[in-house]
Trainee: 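Would you mind keeping the following structure in view while I ask a few things?
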Amino acid sequence: MSDFLTDHGVVIALVCAALAVLYGALTTRSLLALSPGNERMVAISKAVQEGASAYLRRQYTTIAVVGVVLFVVLIPLQDIAVAAGFAIGGLLSAAAGFIGMNVSVRANARVAEAGRGGISPALDAAFRGGAITGLLVVGLALLGVAGYYGILTAIFDRSQKEAVDALIGLGFGGSLISVFARLGGGIFTKGADVGADLVGKVEAGIPEDDPRNPAVIADNVGDNVGDCAGMAADLFETYAVTAVAVMLLGVLTFGGSNDIVTNVALYPLVLGGVAIIASIIGTFAVKSAAGNVERALYQGLILSGAIAAAAFYPVTKWLMDDLVTLNADVNIIVPSAGDLYLCSLIGLAVTALLFVITDYYTSTRFRPVRKTAEASQTGHATNIISGLAQGMQATALPALVLALGILGANELGGIYGIGVAVMAQLGLCGLIVALDAFGPITDNAGGIAEMAEMPEEVRNVTDPLDAVGNTTKAVTKGYAIGSAVLAALVLFAAFKIELQDELAKDGNEAIAFPIDQPEVLVGLLIGGLMVYLFAALSMEAVGRAGGAVVEEVRRQFREKPGIMEGTDQPDYARCVDIVTKSAQREMILPSLIPIVFTLVVGLLSVEALGGLLIGVIVVGLFMAVAMTAGGGAWDNAKKLIEDGEFGGKGSEAHAASVTGDTVGDPYKDTAGPAINPMIKVANIVAILIIPLVA
């Protein structure tokens, strides 16, 4: 069996990836066969579809211009194989986001219509819509990495090291799409959301998703381009980058025969493949139990985790059992297959703990959110103070979990063991993205039910689905941040090894990065600066976009008084156009920060470059967690009050909570999540420019 896996590991990974894509295609077919509802529902859904598709086309056109420039630059800097990998990564990442988003915007009306039959059919339709995006993300990512690796080694006869080096370009392509998609989609969705809430809820006193609000369609479009396409691109690149980084670490770390190099390169691909099968099985376990939506969603995730944990052992035993005997370098401590299997279990445990912790800080069931809602009773300022405090507190436990996970995996398998843990963590990525996409689908379904004036019993179905979706979006962001930091650590280790190998070619000594070295300390400071500058520019962009929407909605209410009376039609397209143009313009500058800063610092000092990467990882972790958890607490505090607690809708506490949610929106849906790809872009750029800086 070991020889079979060694000889056919790429084929196994490709078959598993193809099954994920096939699952996406078949599920899409069955989902679209459901009724989209009446004519009014179809018209609203179509408006959201057109707005989302138009935005993504413009976004990818803008990214393509930057991509072509970088493609040309990579050819002399690296070689054509790296540049080709960059193009493949970018195209597959864009495809995952675009296809998934197109399914999501068609699922919304079908979920609303299914709500006529109760919670169970609506949950099934919404989850299937999310699962299509999730399985496409992992399927296309593994297809790209394993397929390009196979082509380079089998057809072009590249060595494993040369093939993995080319795959760094693929990771960079995915990362570039991700940082633009996260930022652009986040600016779009929160600009529309802020504008809709401030004028609609606070000034006009109309409900969320009220069809009289001119920004309501833009808000629904934003949910899809921000959370569906944005999260898909984010976790696509995390998955692809981690797989490539673990392959690179294995090839760089372990010497010996060609067999051992092949095994360590294939191991993360086969791990990812069997986890895809586990995820597909887990999707069939998502069934509503007595109306408990959250339990239904999580039981699928738990089943997948259990199956993956069981499947990882034989794969590890078969591929890595000979690692000790085949390794030729006696100076390297080689982990046993059992140790590497335990590392994979650590990765799954970290995933579970991050879910539980993020859920605690963002769910309406627990103290942090309730405390923020309670603080709203004494005004806007106390709501803001409480939300900021909850976000800061929420950084402690995830940091400790990641620290313990790193120490445990490192003790068992060294830096390669940490890489195995991250790859195992990302094995469940398909279901994680499904849970995230579930949020905007149910949110849009509730909006369609409101705008189409469906019966109250339908809203009684979509509202609890939306409430759970809001929580799943928050916990998946916590997962994405944790996996991004661990992936960045693996990339940083690969950067150090590649740098030392490059220096050794010219007889230079290896470089360490001690904090008492001025250049390293300067790099640390610049790395931290990058995170704060990136977040600041992202927040300002949302503020400007939201301000433009506020002015437009006020103008329409002022010039068309019949809108509020239902005798005049709002101009939805105008708001969509405003946030589209704003997002396209505003996403460029922040997205260039991890590329330009890393390049300039690297050219000035390689010691400072190492410090910069450390600073980006550490500061990025705390900033991203504080923003996403704090924003989630603000959002759900508002929902808790709207459900009737602490004064309910229309109270002073409600007005304060809307202000908090308005601040929290760009925190949790724009700046915070976009820090994930920003961290990895900086690390990948550092690896790519080693020939220039060493």
Trainee: Say whether, by atom type as modelled, one donor and one acceptor occur between the side chain of Thr670 and the main chain of Gly186 under 3.5 angstrom.
Mentor: yes

Trainee: May I ask you to say whether Asp359 pairs ionically with Arg365, meaning some side-chain N is under 4.0 Å from a carboxylate O?
Mentor: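 Salt bridge: yes.
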
Trainee: Give every residue pair that meets the ring pair (Phe, Tyr, Trp, His ring centres under 6.0 Å) criterion with at least one member in residues 183-206, sequence neighbours excluded.
Mentor: Tyr55-Phe188

Trainee: Which pairs count as ring pair (Phe, Tyr, Trp, His ring centres under 6.0 Å) when at least one residue sits in residues 22-52, sequence neighbours excluded?
Mentor: none

Trainee: Between Ser104 and Asn224, is there a donor-acceptor pair closer than 3.5 Å when you use the side chain of the first and the backbone of the second?
Mentor: no

Trainee: Do Val138 and Ser279 touch side chain to side chain, with heavy atoms closer than 4.5 Å?
Mentor: no

Trainee: Do Asn636 side-chain atoms and Lys639 backbone N/O form a donor-acceptor pair below 3.5 Å?
Mentor: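 Flag not set: sc Asn636 to bb Lys639 has no pair under 3.5 Å.
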
Trainee: Donor-acceptor check, side chain of Ser93 to backbone of Glu237, threshold 3.5 angstrom: yes or no?
Mentor: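 Not confirmed, Ser93 side chain does not pair with Glu237 backbone.
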
Trainee: Counting only N and O atoms by type, is there a donor-acceptor contact under 3.5 Å from the side chain of Ser178 to the main-chain atoms of Gly174?
Mentor: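 Not a single qualifying donor-acceptor pair exists.
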
Trainee: Do Thr62 and Gln584 have side-chain atoms, one donor and one acceptor, less than 3.5 Å apart?
Mentor: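 Yes.
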
Trainee: Leu301 versus Ile432: any side-chain heavy-atom pair under 4.5 Å?
Mentor: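 In contact.
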
Trainee: Could you tell me the separation between the CG atom of Leu297 and the CG atom of Leu431, rounded to the nearest 0.5 Å?
Mentor: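 Between atom CG of Leu297 and atom CG of Leu431 there are 10.0 Å.
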
Trainee: If we ignore hydrogens and angles and just use 3.5 Å, is the side chain of Arg110 paired with the main-chain N or O of Ala125 as donor and acceptor?
Mentor: no

Trainee: Quick one, Tyr60 and Phe180 - any side-chain contact, counting heavy atoms below 4.5 Å?
Mentor: no

Trainee: Mind listing the closest non-hydrogen atom pair of Ala541 and Ser582 along with its distance?
Mentor: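 Looking at all heavy atoms of both residues, the shortest contact is O-OG, 4.5 Å.
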
Trainee: Surrounding CZ of Arg555 (heavy atoms of other residues, nucleotides or ligands, distance under 6.0 Å), is the total greater than 12?
Mentor: yes

Trainee: With heavy-atom distances below 4.5 Å as the criterion, would you say the side chains of Val433 and Cys429 are in contact?
Mentor: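 Contact flag for Val433/Cys429 side chains = yes.
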
Trainee: Yes or no on side chain to side chain contact (heavy atoms under 4.5 Å, CB included) for Asp436 and Thr472, after CA distance, side-chain angles and deciding distance?
Mentor: CA-CA 6 Å; Asp436 183 79; Thr472 60; over 6 Å; no

Trainee: Nearest heavy-atom pair of Ala480 and Asn676: which atoms, and what distance?
Mentor: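 So the two residues come closest at CB-ND2, 3.6 Å.
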
Trainee: Is there a donor-acceptor pair closer than 3.5 Å between any side-chain N or O of Thr358 and the backbone N or O of Val475?
Mentor: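 Not a single qualifying donor-acceptor pair exists.
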
Trainee: Is the shortest side-chain heavy-atom distance between Val216 and Asp210 below 4.5 Å?
Mentor: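 Sidechains of Asp210 and Val216: no contact.
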
Trainee: Is any side-chain N of the basic residue among Asp124 and Arg128 closer than 4.0 Å to the acidic one's carboxylate O?
Mentor: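 Yes, Asp124 and Arg128 are salt-bridged.
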
Trainee: Looking at the rings of Tyr360 and Phe366, which for Trp means the six-membered one, are their centres under 6.0 Å apart?
Mentor: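 When the ring centroids of Tyr360 and Phe366 are compared, they turn out to be within the sub-6.0 Å range.
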
Trainee: Mind checking whether Val549 and Val579 have side chains closer than 4.5 Å, heavy atoms only?
Mentor: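 Result yes, sub-4.5 Å side-chain heavy-atom pair found.
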
Trainee: Counting N and O atoms only, with roles assigned by atom type, does the side chain of Thr238 sit under 3.5 Å from a partner on the main chain of Asp234, one being a donor and the other an acceptor?
Mentor: yes

Trainee: Which atom names give the shortest non-hydrogen contact between Asn102 and Ser53, and what distance separates them?
Mentor: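 Answer, listing the atom of Asn102 first, then Ser53: OD1-OG, 3.3 Å.
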
Trainee: Rounded to the nearest 0.5 Å, what's the gap from OG1 on Thr283 to CG on Leu303? Could you check?
Mentor: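 Here the interatomic distance stands at 9.5 Å.
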
Trainee: Would you find a donor on one side and an acceptor on the other, under 3.5 Å apart, between the side chain of Ser30 and the backbone of Thr27?
Mentor: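 Side chain of Ser30 to backbone of Thr27, a donor-acceptor pair under 3.5 Å: yes, one is there.
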
Trainee: Kindly check if the number of other-residue, nucleotide or ligand heavy atoms within 6.0 Å of CZ (Arg558) is above 12?
Mentor: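 Count over threshold, so yes.
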
Trainee: I would like to know whether Val553 and Cys575 meet side chain to side chain contact (heavy atoms under 4.5 Å, CB included); could you show each step before the answer?
Mentor: CA-CA 8 Å; Val553 175; Cys575 288; 4.2 Å; yes

Trainee: Minimum heavy-atom separation for Ala285 to Gly300, with atom names?
Mentor: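 For Ala285 and Gly300, the tightest heavy-atom pair comes out as CB-CA, 4.0 Å.
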
Trainee: With distance as the sole test, does Gln299 use its side chain to make a donor-acceptor pair with the main-chain N or O of Lys287 at under 3.5 Å?
Mentor: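 Yes, Gln299 side chain to Lys287 backbone: donor-acceptor pair under 3.5 Å.
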
Trainee: Given Trp634, which partner from the list Asp665, Thr372, Asn383 fulfils the side chain to side chain donor-acceptor pair (under 3.5 Å) test?
Mentor: Asn383

Trainee: Apply side chain to side chain donor-acceptor pair (under 3.5 Å) to residues Asn108 and Ser45 and explain how you reach the verdict.
Mentor: CA-CA 7 Å; Asn108 49 25; Ser45 181; 2.9 Å; yes

Trainee: Measuring from Ile132:CD1 to Leu32:CG, what's the distance to the nearest 0.5 Å?
Mentor: 7.0 Å

Trainee: Hey, is Glu453 close enough to Arg40 for a salt bridge, meaning N to O under 4.0 Å?
Mentor: no

Trainee: With rounding to the nearest 0.5 Å, note down the distance linking CD1 in Ile44 to CD1 in Ile217.
Mentor: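 That separation rounds to 6.5 Å.
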
Trainee: Once ring pair (Phe, Tyr, Trp, His ring centres under 6.0 Å) is applied, what residue pairs with a partner in residues 92-123 remain, sequence neighbours excluded?
Mentor: none

Trainee: With side-chain hydrogen bond (donor to acceptor under 3.5 Å, both in side chains) as the rule and sequence neighbours excluded, what pairs involving residues 653-664 come up?
Mentor: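 side-chain hydrogen bond (donor to acceptor under 3.5 Å, both in side chains) check on residues 653-664 returns His380-Thr659, Lys638-Asp661, Glu642-His654.
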
Trainee: Over all heavy atoms of both residues, which pair between Cys228 and Thr133 is shortest? Give the atoms and the distance, please.
Mentor: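 Smallest interatomic distance, heavy atoms only, reads O-CG2, 4.4 Å.
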
Trainee: Using the test salt bridge (Lys or Arg N to Asp or Glu O under 4.0 Å), find all partners of Lys473 that sit at least two apart in sequence or belong to another chain.
Mentor: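 Residues passing salt bridge (Lys or Arg N to Asp or Glu O under 4.0 Å) with Lys473: Asp227.
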
Trainee: Under a 4.0 Å N-O cut-off, is there an ion pair linking Lys560 with Asp568?
Mentor: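 Judged by the 4.0 Å cut-off on N to carboxylate O distance, Lys560 and Asp568 do not form a salt bridge.
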
Trainee: Could you tell me if the side chain of Leu143 sits less than 4.5 Å from the side chain of Leu92, heavy atoms only?
Mentor: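 A side-chain contact under 4.5 Å is absent here.
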
Trainee: What's the shortest heavy-atom distance between Ala232 and Gly97, and which atoms?
Mentor: CB-CA, 4.1 Å

Trainee: Answer yes or no: is there a side-chain heavy-atom contact under 4.5 Å between Tyr239 and Val137?
Mentor: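 Tyr239 vs Val137: side chains apart.
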
Trainee: Tell me, please, which residues at least two apart from Glu203 pass salt bridge (Lys or Arg N to Asp or Glu O under 4.0 Å).
Mentor: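 Partners of Glu203 under the salt bridge (Lys or Arg N to Asp or Glu O under 4.0 Å) test: Arg554.
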
Trainee: Supply the atom-to-atom distance Ile206 CD1 to Arg212 CZ, rounded to the nearest 0.5 angstrom.
Mentor: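 So the CD1 of Ile206 and the CZ of Arg212 are separated by 5.5 Å.
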
Trainee: Quickly, which of Leu140, Leu26, Leu135 forms a side chain to side chain contact (heavy atoms under 4.5 Å, CB included) with Val21? Name it, please.
Mentor: Leu140

Trainee: Could you check Asp669 against Lys477 for side chain to side chain contact (heavy atoms under 4.5 Å, CB included), going step by step and ending with a plain yes or no?
Mentor: CA-CA 9 Å; Asp669 289 327; Lys477 288 182 175 72; 3.1 Å; yes

Trainee: Decide side chain to side chain contact (heavy atoms under 4.5 Å, CB included) for Asn213 and Tyr572; before the verdict, give the C-alpha distance in whole Å, the side-chain angles of both, and the deciding distance to 0.1 Å.
Mentor: CA-CA 8 Å; Asn213 192 328; Tyr572 301 122; over 6 Å; no

Trainee: Between atom CZ of Phe127 and atom OG1 of Thr442, what is the distance when rounded to the nearest 0.5 Å?
Mentor: 13.0 Å

